[in-house]
Structures are given as structure tokens and as C-alpha cells.
Engineer: 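This is the structure I have questions about; it appears just below.
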Amino acid sequence: MESWRIIATTLLGVSGLVLVLVTMAKVRDRTGSATSVAVSGVVALTLLGLLGLLTTTVLAAPLVWTLVIVVGAAASVMLLVG
């Protein structure tokens, strides 16, 4: 496996976990429902896991790095706004 795939997957995972936590906090603030928070967490973690798997195995390099940048930027913006 190429080293750039490992680096990209790690960066995607770290920024994605931050994004999952921020998303769950925003859902908790808006709804106050533990069920909604759990559902949003499961959906976000599933999507993050799928992206990580695709990043590690089949996606092309330009697409992978675009995903890493987009997820990192989204996490940064959500942390700054929240």
C-alpha cells in the first residue's frame, strides 16, 4: 500500500472524527434528544468509515486529497462558527 494513502486516510480520520463530534453537539443543542444525537453519530461514523475504506483502497489521488481538504475545511469552519 502506498504511503500517501495511509497519510490521507489518517488525516481524513482525524478531521472526520472532529466533524462527527461537532455534528453530534449541534444536533444535541438543536433537538435535545439523545436518540437524534445517536442516530446522527452513527450516520456520520458510517460515512466516515466508508470514505476511509475507499480512500485506502480504490479512489484516485486527486479525489482523495480533495476529500481530505473538504472534510478538514468543514471541520474547521464548524469549530469556528460553533
Side-chain angles (χ1 to χ4, degrees):
M1 180 178 301
E2 298 98 351
S3 60
W4 68 266
R5 287 193 184 270
I6 296 169
I7 294 168
T9 304
T10 303
L11 290 173
L12 183 67
V14 170
S15 60
L17 284 177
V18 170
L19 192 59
V20 167
L21 293 174
V22 171
T23 302
M24 290 174 69
K26 287 193 180 288
V27 169
R28 185 194 64 223
D29 289 343
R30 289 199 170 97
T31 65
S33 168
T35 306
S36 297
V37 173
V39 168
S40 69
V42 167
V43 168
L45 279 174
T46 302
L47 289 174
L48 182 61
L50 181 63
L51 279 177
L53 180 67
L54 290 174
T55 298
T56 305
T57 56
V58 297
L59 292 178
L63 181 60
V64 167
W65 291 112
T66 302
L67 282 173
V68 169
I69 291 169
V70 167
V71 170
S76 299
V77 167
M78 286 184 78
L79 281 173
L80 289 174
V81 170

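What you see is a predicted model, and the numbers here were worked out from it, not measured in a lab. Residues take their numbers from the sequence shown, with the count starting at 1.
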Engineer: Looking only at non-hydrogen atoms, find the nearest pair between Met1 and Ile6 and report the distance.
Structural biologist: SD-CG1, 3.8 Å
Engineer: Give the cluster check for Val22 versus Val43: same hydrophobic cluster or not, with ILVMFWY residues linked at side-chain heavy-atom distances below 4.5 Å.
Structural biologist: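 As far as the 4.5 Å side-chain criterion goes, Val43 and Val22 are not connected within one cluster.
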Engineer: Grouping I, L, V, M, F, W and Y whenever their side-chain heavy atoms are under 4.5 Å apart, do Leu79 and Leu48 come out in a common cluster?
Structural biologist: yes
Engineer: Treat each ILVMFWY residue as a node, draw an edge where side-chain heavy atoms are under 4.5 Å apart, and state whether Met24 and Leu47 are in one component.
Structural biologist: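 Unlinked, Met24 and Leu47 end up in two clusters.
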Engineer: Is any side-chain heavy atom of Leu45 less than 4.5 Å from a side-chain heavy atom of Leu17?
Structural biologist: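 Heavy-atom side-chain distance check passes, below 4.5 Å.
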Engineer: According to a 4.5 Å side-chain heavy-atom criterion applied to Ile, Leu, Val, Met, Phe, Trp and Tyr, with indirect links allowed, do Leu50 and Val71 form part of one hydrophobic cluster?
Structural biologist: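 Shared cluster, yes.
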Engineer: How far does CE of Met78 sit from CG of Leu19, to the nearest 0.5 angstrom?
Structural biologist: 5.5 Å
Engineer: How about Leu54 and Leu67: do any of their side-chain heavy atoms sit closer than 4.5 Å?
Structural biologist: no
Engineer: Would Leu11 and Val58 show up in the same hydrophobic cluster when neighbours are defined by side-chain heavy atoms closer than 4.5 Å?
Structural biologist: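 Yes.
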Engineer: Kindly give the heavy-atom pair with the smallest separation between Gly52 and Thr9, and that separation in Å.
Structural biologist: O-CG2, 4.0 Å
Engineer: Would you find a donor on one side and an acceptor on the other, under 3.5 Å apart, between the side chain of Ser40 and the backbone of Val37?
Structural biologist: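 The answer is yes, because a donor-acceptor pair under 3.5 Å joins these two groups.
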Engineer: Let me confirm one number: the OG1-NZ distance from Thr31 to Lys26, rounded to the nearest 0.5 Å.
Structural biologist: 13.0 Å
Engineer: Between Val20 and Gly41, what is the shortest heavy-atom contact and its length?
Structural biologist: CG1-O, 4.4 Å
Engineer: Indicate the atoms forming the closest heavy-atom contact of Val18 with Ala75, along with that distance.
Structural biologist: CG1-CB, 4.3 Å
Engineer: Can you tell me how far apart CG (Leu51) and OG1 (Thr56) are? Round to the nearest 0.5 Å.
Structural biologist: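 So the gap between those two atoms works out to 10.5 Å.
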Engineer: So, taking the atom named CH2 in Trp65 and the one named CG in Leu59, what distance separates them when rounded to the nearest 0.5 Å?
Structural biologist: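 One finds 12.5 Å between CH2 of Trp65 and CG of Leu59.
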